[in-house]
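On a predicted model such as this, the values are computed, not experimentally measured, just so you know.
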Amino acid sequence: MQPEILYRLRFISNLTEGPGNKPLFVLTDIERPEGDKEPPKYRPRLALWDGGLRLLTQGEARNPQWRGEYYYFTRKVDKANQLFRMPVGGGEPEQLTRFKGGANSYKVSPDGSRIALLSPGDREPPKPDQPQSFASWPFKFEQRGLLQDTPAAVWLWEQGQLRQLHQPTLEVTEMAWSPDGQQLYFVSYGSLQERLEGKQRVYALDLQGRVRELFGGEGPVSGLEPAPDGSGLVYLAHAYERGSATDARLTYRPFGGEPRVLAQGNFTNTINSDCRYGTYAQTPKFGPDGLVYVVETKEGHARLRKVSLEGEVSKVHGIGESVLAFALCGRDLYVLTETATQPARLGRPGETLFDPNAEVPLTFPEPAPVAYRAPEGHTVPGWVLLPEGEGPHPLILYIHGGPHTAFGSAPMLAHHLFREAGFAVAYCNPRGSSSYGEAFADLGYQWGEIDQADLLGFLDAVLERFPQLDRARVGVAGGSYGGYMTNWLTARVPERFKAAVTDRSICNWTSFFGASDIGPRFVQLQLGASVWDRPEVLWAKSPLSLVHQVRAPTLVVHSEQDHRCPIDQGETWYTALLHRGVPTRFFRVPEEGHELSRSGRPDRRVARLEAYLEWWRQHL
């Protein structure tokens with residue numbers, strides 16, 4: 001198995017209800033044109049499962065919805081997303097929008113007679129060679145680039161006509177129709193200061209364009225789901241009680257009544273995988289039984305729960321697989337599930353219906369679980385993948401991003417490629433990881449301290465348990481937060497690691513504060529400091545302050561359009577290592593962002609994996 005196995009993978013995503021109580025979804029494969037004239041590209045197509053796979057489009061189709069007689073989806077036209085519909089009975093797709101600025105997102109009303117859209121309308125994005133002026137923040141965002149200072153407006157499509165319904169002052173992050181189709185609910189911010197503080201509000205918008213505030217102003221709000229009888233709203237929210245480690249509260253707010261918390265947990269799937277492409281429905285949905293269905297990640301597994309409006313929680317999906325998405329199709333429940341050895345498959349609880357990669361020779365063996373018991377009394381869960389043969393095998397400690405994500409029941413192609421190339425891989429969920437409770441996820445401004453202790457303790461436990469591992473050949477790697485920890489560990493304990501790969505990393509918190517699309521809020525939540533309030537903390541927590549101690553040969557991987565961890569972080573780390581005489585190489589990727597490893601152009605993803613393997617072979 002080589003990195004080019006990626007070209008053979010197919011990705012199933014965007015699961016939703018289709019006609020006849022059948023699941024509708026997007027199936028994506030990778031096209032590789034002959035010759036070198038065109039690069040390989042993703043081909044997302046609309047598909048229905050009705051006892052067998054039925055492809056509904058040959059051309060690009062994303063973000064599907066179904067209502068009545070039509071399928072709806074988006075497709076790029078002259079580089080801008082536009083909305084299309086296609087008759088369920090067959091026929092050619094009809095283009096419904098022609099916005100110069102494209103359609104960002106859309107929601108079809110319950111009866112299918114209206115469509116709400118978020119779009120800049122005919123405000124064209126500024127040309128790359130034109131100056132831009134900003135008076136808001138963020139002025140750029142990951143995977144979107146520079147933002148227009150005026151946010152996208154809410155538009156209404158009805159009987160073939162489009163009209164602008166509402167121009168918000170600040171960005172609308174999601175919308176939902178009322179059950180009677182007479183108004184919209186949307187999430188936005190009450191002021192720029194609230195935007196800076198990550199505090200959102202929920203509003204109601206009627207079809208005459210009148211807006212009224214419903215609630216909010218305490219923290220993030222997401223997953224709006226109106227009760228089918230119109231009695232209230234279900235949503236996910238919190239007020240940063242434990243900073244960014246705070247679990248979401250599944251809340252029901254009846255109109256005219258007091259809100260009540262139904263459940264609290266790590267709702268949505270926060271497990272790492274590089275074998276996905278597309279989007280996945282995990283937020284609250286009412287089922288035909290009147291219960292609220294939602295995905296919760298717990299101890300490295302994503303489970304489907306159902307919750308009554310009285311707060312009674314029960315399980316829907318059993319142990320062994322993680323739920324990536326779900327759809328309620330009439331009275332039938334369909335799910336996309338993963339395991340540590342299987343990419344997403346379509347099924348019903350306990351039954352697999354369609355595996356898009358059944359014919360792909362994926363050699364993903366089960367990892368060996370390892371649990372490290374820390375001196376403080378908590379357990380650090382992890383896993384090891386061992387190569388074939390007696391050894392001694394070199395070992396790679398691989399650190400996840402976030403930090404509030406987790407490894408678990410989802411496949412990591414990179415790990416298995418390293419194993420097949422002869423490298424053992426150890427990976428774990430140290431403190432800071434999600435799905436083990438707020439206290440475990442809360443680093444308490446101790447980045448690089450308690451998480452370092454967990455990672456090194458886990459590494460020692462792995463080396464003790466598996467004598468076939470070579471203690472003298474240990475590498476370390478990770479992306480985003482994992483890249484930060486790679487930099488940090490190679491500087492703090494330089495004697496432990498023989499080689500490193502740092503990917504989309506952070507090395508300097510001071511520059512990250514202003515250059516990242518989430519910089520000020522993220523730094524305050526994670527480190528309890530800013531560039532004007534205890535700036536010495538930012539330097540003390542920056543690996544750059546300790547770069548003179550690094551000895552491990554280091555491959556620096558970074559993408560030029562990364563707005564989450566901007567490329568100056570990789571540039572600075574590479575330059576410092578080079579000037580210190582540390583063997584290093586800079587793998588710099590054009591036109592890609594923070595999601596290169598998960599959704600970047602296929603040939604660039606393959607090239608990245610090949611660069612990793614070449615570095616390990618050379619230095620481990």
Is the shortest distance from a Lys or Arg side-chain nitrogen in [X] or [Y] to a carboxylate oxygen in the other one below 4.0 Å?
{"X": "Glu4", "Y": "Arg605", "answer": "no"}
{"X": "Arg504", "Y": "Asp562", "answer": "no"}
{"X": "Arg601", "Y": "Asp603", "answer": "yes"}
{"X": "Glu614", "Y": "Arg617", "answer": "no"}
{"X": "Arg521", "Y": "Glu197", "answer": "no"}
{"X": "Arg431", "Y": "Asp454", "answer": "yes"}
{"X": "Arg345", "Y": "Glu321", "answer": "yes"}
{"X": "Arg276", "Y": "Glu338", "answer": "yes"}
{"X": "Glu296", "Y": "Arg303", "answer": "no"}
{"X": "Asp460", "Y": "Arg496", "answer": "yes"}

Next item on the list: To the nearest 0.5 angstrom, please state how far the OH atom of Tyr484 sits from the OG atom of Ser505.
Entry: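 The OH atom of Tyr484 sits 11.0 Å away from the OG atom of Ser505.
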Next item on the list: Quick one: closest heavy-atom pair of Thr297 and Thr270, and the distance?
Entry: OG1-N, 3.2 Å
Contacts table for residues 415-422: side-chain donor-acceptor under 3.5 angstrom, sequence neighbours left out:
{"from": "Arg419", "atom 1": "NH1", "to": "Leu386", "atom 2": "O", "distance (Å)": "3.3"}
{"from": "Glu420", "atom 1": "OE1", "to": "Met1", "atom 2": "N", "distance (Å)": "3.0"}
{"from": "Glu420", "atom 1": "OE2", "to": "Thr363", "atom 2": "OG1", "distance (Å)": "2.1"}

Note to self: Against the six-membered ring of Phe141, is Arg564 placed for a cation-pi contact (under 6.0 Å from the centre, within 45° of the normal)?
What the structure shows: yes
Note to self: Looking at Phe497, I'd like to know if the NZ or CZ of Arg473 sits under 6.0 Å from its six-membered ring centre while staying within 45 degrees of the ring's axis.
What the structure shows: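 The answer is no; the distance or angle limit is not met.
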If we ignore angles and hydrogens, is there a donor and acceptor under 3.5 Å between the side chains of [X] and [Y]?
{"X": "Tyr189", "Y": "Glu194", "value": "no"}
{"X": "Ser433", "Y": "His404", "value": "no"}
{"X": "Thr279", "Y": "Asn14", "value": "yes"}

Checklist line | More than 12 heavy atoms from other groups under 6.0 Å of NZ on Lys298 | finding: no
Check: Considering residues at least two apart in sequence or located in another chain, which fulfil the ring-ring contact (aromatic ring centres under 6.0 Å, His included) criterion with Tyr42?
Finding: Tyr277
Next item on the list: Could you tell me whether the side chain of Arg604 reaches within less than 4.5 Å of the side chain of Glu591, counting heavy atoms only?
Entry: yes
Check: So do the side chains of Tyr427 and His400 get within less than 4.5 Å of each other, counting heavy atoms only?
Finding: no
Notebook entry, point to check: Between Arg598 and Asp274, is a salt bridge (charged side-chain N to carboxylate O under 4.0 Å, His left out) present by the stated rule, with each step listed?
Noted result: CA-CA 5 Å; Arg598 296 177 281 258; Asp274 58 359; over 6 Å; no
Note to self: Under the side chain to side chain contact (heavy atoms under 4.5 Å, CB included) test against Arg608, which residue among Val501, Val589, Asp503 passes?
What the structure shows: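 So, applying the side chain to side chain contact (heavy atoms under 4.5 Å, CB included) to Arg608 and each of Val501, Val589, Asp503, only Asp503 qualifies.
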